[in-house]
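Proteins get letters first, then strands, A, B, ... in listed order; numbering begins at 1 in each. FYI, side chains are in, hydrogens and waters are out, and symmetry mates aren't considered; it's all heavy atoms of this structure. Remember, predicted model here, so these are calculated numbers, not experimental data.
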Number of protein chains: 2
Amino acid sequence: MNRQLTQRGRDRKRQLMDFAAHRFADNGYHPTSVAEIVSGMGVGKGVFYWYFSSKEELFLEILREAQHELRKVQQQAIGDEPDPVRRIELGIRASMVWLAEHRHLFHVFQFAAADERFAPALRRGQDVAVGDVVRHVKEAVVLGRVRDTDPQVLAHAILGVTNNLARTFIFERGEDAADVAEDAIAFCLHGLVDA
Amino acid sequence: MNRQLTQRGRDRKRQLMDFAAHRFADNGYHPTSVAEIVSGMGVGKGVFYWYFSSKEELFLEILREAQHELRKVQQQAIGDEPDPVRRIELGIRASMVWLAEHRHLFHVFQFAAADERFAPALRRGQDVAVGDVVRHVKEAVVLGRVRDTDPQVLAHAILGVTNNLARTFIFERGEDAADVAEDAIAFCLHGLVDA
DNA sequence: CGCAGCCTTGACCGCGCGGTCAAGAATGGT
DNA sequence: ACCATTCTTGACCGCGCGGTCAAGGCTGCG
């Protein structure tokens, strides 16, 4: 749906995406109906289909935007830090804090992972994140700061730890994002056994 | 649905659960209809509702059974191994191999995680797994084999690594489960930095 | 054989879904 | 004032969903 939108139109679209993202996060993709979204916003159904060609497209747009936001935050946090290991640390911390502040988007990621329809789009964004981490890891290996293992494996392991700790301790138990980030960093650097 | 079933009935139920689990894994929970399941098996709809009171109950039964199976496999693999760190290793390896052989059930776990309706049941099973790992970790800490950190954090981190590496390298890239297990174990024990 | 009860059939139901569209209200440029 | 364009309305559509049920086959026991 590439329409020419006025400022008013762009605002409406934002409202729709934000509201829908929260409904999706609460209910899941399939159980959230278009009727529910528009009635929740107090508008007619036509509004929805003026801005989006389908429910699926809306979800994809939310997903893409969230991935883009998250990556932006990561890159801002990393800045021009020269140490690759510290870059990884900064990335983990920034991700945790952002996820804690946008937990509904974390759930959007989860739903996307569960749906064959959205998994490819999700994977594309995740590959970008993996690529970022892989670059830092490779650099760190060259410097002898990290053991020489397949960087892809290390990158996915890091993402797995970050994801799982965020879900469990931030979302389910309401712990502080910064604290959980420290735990994640410690585990990723040293594992179970101390260095 | 607690009916008195004959052997024939029990076989039918197995068929239904196995077939449905595969359909769910391929399509997701919501997009897989009861009509699709029964027509795929070449039986009438009444058969379905003879053995299950709802589509939701079927899914829950599949989920519970899968969790139970996985735990059984883990415990068998661990046997009476005295070393807590080796117990964790054996658990990871057994889980990876089992997941590789039952990838459709891995997807069932994924869908359960995404649906508010099933998340509690999934969490209950996962808490059992976490509890197992926590016990090994605590023991290992006492022996000085593992650094003294919150065992819950370590357990969830281990599960996160296992999950994510399994999904990426076994399911998406078709790598060998045993090899991926070694990677997961190495990361969990030592992290990025070598010991 | 006859009967009890396990099992199967498939037409049917009501509902709520994603999506459409003719009609008209706002908005803003001239 | 007028018009072009953007935006909004909500009744409506066809469909396929989860679930029901009266009817009848099948099986094994006495």
Heavy-atom contacts, protein to nucleotides 3-18 of chain C, under 4.0 Å, summarised as B (base), S (sugar-phosphate only) or - (none) per nt, yield ---SBBBB------SB

Atom CE of A:Met41 and atom C1' of D:dC7 are separated, to the nearest Å, by 13 Å

Separation of D:dG19 atom C1' from B:Glu56 atom CD, nearest Å, is 13 Å

Residues at least two apart in sequence or cross-chain that pass ring pair (Phe, Tyr, Trp, His ring centres under 6.0 Å) with B:Phe106, listed by chain then number, are B:Phe171

> Are B:His156 and A:Phe169 close enough that their ring centres sit under 6.0 Å apart?
Replying inline: yes

**OP:** May I ask you to say whether A:Arg64 pairs ionically with A:Glu69, meaning some side-chain N is under 4.0 Å from a carboxylate O?
**Re:** no

With sequence neighbours left out, the residues meeting ring pair (Phe, Tyr, Trp, His ring centres under 6.0 Å) with A:Phe118 are A:Tyr29, A:Phe59

The side-chain hydrogen bond (donor to acceptor under 3.5 Å, both in side chains) partner of A:Asp11 among A:Gln7, A:Lys13, A:Arg14, A:Gln15 is A:Gln7

